[in-house]
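The structure under discussion appears below in the form of structure tokens.
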Amino acid sequence: MPRPITPIDRIPVSDSEAGPYAITAGPDGAMWFTMIHSGRIGRLTTAGVLDHHALDSAACGPSVITPGPDGALWFTRGQDHRIGRITVTGEATSFAVPTPGSGPFGIAAASDGALWFTQMHTDRIGRITVDGQVTEFPLPVSGAFPSALTTGPDDALWFTLNQANAVGRIGLDGHITLHPLPTERAAPVGITEGPDSALWFVEIGAGQIGRITVDGRVDEFPLPERTARPHAITAQPGAGLCWFTEWGTGRVGSVTTDGHIEVYDLPVSSSEPHGLAFGPDGALYVAMETGELAHLTP
């Protein structure tokens, strides 16, 4: 059964059609989030000050957002197939991905000073420098639907293959390795570096949390409700556990490094939680597609 948790603040940040989707802590001490259905980037300070920044296309589909090595925020634009950049003062630019119809989604900054991203519709991993130069690396499979992406403890980029039922690794030299998952139709999505030098990911199709070591060993931990449809996952700094969203049940959950899972109800079960991130205040912020951020202190 879901447990109660410390009071959860609901912070309205848009109307219900805008779709707050992914969120990250910015270099300016504020939380930055995408509004996937309205072509905007939002900024919320820990004091509650809210700003919206309209992009050049309301239909560009800003998806995942991350801090870049240049002090700006970088994000994927899944509908017009571009990579976006926004400064902390709200100045936005974007860069085209060379392959048409690529559908960029996951994005992360790497130790080589560039940002790496997935291309859902063209089975590629991309790399973009801070001046907008893009290199693409084809995957050895087709129809794989590469989704989320994160840096690993080995300085490589690790990513989920939602339709190929695998987790992939790409080195900074472009070498790719794929690791099949034990559970069929697991459909992995979110992935993050855990507190134990492994990668943790969610299986939206199987209702499980997965863990993979850098040498490719996979463990899977079933959720209490297998139809919960976990979507995103992030590590809690200094706590030895990860937190994840359950899009299908309107909950958040935590998992320890030995696989112990707890789940907690959000105030509204139909809130459609997607991305989540810890802020500089130690609180967990959850982007809910119905137009709010959830704020809670574990």
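Since the model is a prediction, treat every value here as computed from it, not as a measurement.
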>> Walk me through whether R251 and D265 qualify under side chain to side chain contact (heavy atoms under 4.5 Å, CB included).
In response: CA-CA 5 Å; R251 296 173 184 150; D265 285 323; 3.0 Å; yes
> What do the steps show when you test V263 against E225 for side chain to side chain contact (heavy atoms under 4.5 Å, CB included), and what is the final call?
Replying inline: CA-CA 10 Å; V263 293; E225 190 169 339; over 6 Å; no
> Would R217 and H179 satisfy side chain to side chain contact (heavy atoms under 4.5 Å, CB included), going step by step from the backbone distance to the final call?
Replying inline: CA-CA 9 Å; R217 191 183 78 247; H179 301 282; over 6 Å; no
>> Does L172 form a side chain to side chain contact (heavy atoms under 4.5 Å, CB included) with L157? I'd like the steps, not just the answer.
In response: CA-CA 8 Å; L172 299 180; L157 285 303; 3.9 Å; yes
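Side-chain contact annotation: Q208 with T183, donor-acceptor N/O pair under 3.5 Å present. Side-chain contact annotation: E272 with H274, donor-acceptor N/O pair under 3.5 Å absent.
Sorted by first and then second residue, the pairs that involve residues 127-145 and meet salt bridge (charged side-chain N to carboxylate O under 4.0 Å, His left out), not counting sequence neighbours, are D112-R127.
Between the side chain of T76 and the backbone N or O of G78 there is no donor-acceptor pair closer than 3.5 Å. Without hydrogens or angle criteria, R82 side chain to D80 main chain gives no donor-acceptor distance under 3.5 Å. Looking at T160, its side chain does come within 3.5 Å of a backbone N or O of A148 through a donor-acceptor pair. Remark: the backbone N or O of A108 is not paired with any side-chain donor or acceptor of T66 at under 3.5 angstrom. Side-chain N or O atoms of T118 include one that pairs as donor or acceptor with a backbone N or O of G106 at under 3.5 Å. A donor-acceptor pair under 3.5 Å links the side-chain atoms of S147 to the main chain of F145, judged by distance alone. Not one N or O on the side chain of S94 forms a donor-acceptor pair closer than 3.5 Å with the backbone of A92. Put simply, the side chain of S57 gets close to the backbone of A59: a donor and an acceptor are under 3.5 Å apart. A donor-acceptor pair under 3.5 Å links the side-chain atoms of D123 to the main chain of A144, judged by distance alone.
In this structure, V88 and G71 approach most closely via the heavy-atom pair CG1-O, 3.8 Å. Between S271 and L266, the shortest heavy-atom contact is OG-CD1, 3.9 Å.
Note: the hydrophobic cluster containing I233 also contains L223 (ILVMFWY, side chain heavy atoms under 4.5 Å, direct or indirect links). Following chains of ILVMFWY side-chain contacts shorter than 4.5 Å, one cannot reach I128 starting from L55, and the two form parts of different hydrophobic clusters. In terms of hydrophobic clustering, with Ile, Leu, Val, Met, Phe, Trp and Tyr side chains grouped at heavy-atom distances under 4.5 Å, L149 and M120 are assigned to different clusters. Cluster membership for F117 and F105, using ILVMFWY side-chain heavy atoms within less than 4.5 angstrom, is shared. Hydrophobic clustering, with ILVMFWY side chains joined whenever heavy atoms are under 4.5 angstrom apart, keeps L44 apart from L284.
Atom CD1 of residue I176 and atom CD1 of residue I170 lie 4.0 Å apart, to the nearest 0.5 angstrom. For the atom pair CG of N165 and CG of L181, the computed distance is 5.0 Å after rounding to the nearest 0.5 Å. A distance of 6.5 Å separates NE2 in H121 from NE2 in H81, rounded to the nearest 0.5 Å. Rounded to the nearest 0.5 angstrom, M35 CE and H53 NE2 are separated by 9.0 Å. Here D219 contributes atom CG and W200 contributes atom CH2; the two are 7.5 Å apart, rounded to the nearest 0.5 Å. To the nearest 0.5 angstrom, T150 atom OG1 is 13.0 Å from F201 atom CZ.
Using a 4.5 Å heavy-atom threshold, the side chains of V218 and P182 count as touching. Looking at R10 and V268, their side chains come closer than 4.5 Å, going by heavy atoms from C-beta outward. Side-chain contact check for V214 versus W158: some heavy-atom pair is nearer than 4.5 Å.
For H231 and F244, the ring centers are positioned 6.0 Å apart or more.
Not counting sequence neighbours, D258 has no partner by the salt bridge (Lys or Arg N to Asp or Glu O under 4.0 Å) test.
Residue L73 is tested with T87, T34, I65, I41 for a side-chain contact (heavy atoms from CB on, under 4.5 Å); the sole match is I65.
Taking the six-membered ring where the residue is Trp, Y285 and H295 present perpendicular rings, their angle passing 60° and hence far from 30°.
A salt bridge links D56 with R77: at least one charged nitrogen is closer than 4.0 Å to a carboxylate oxygen.
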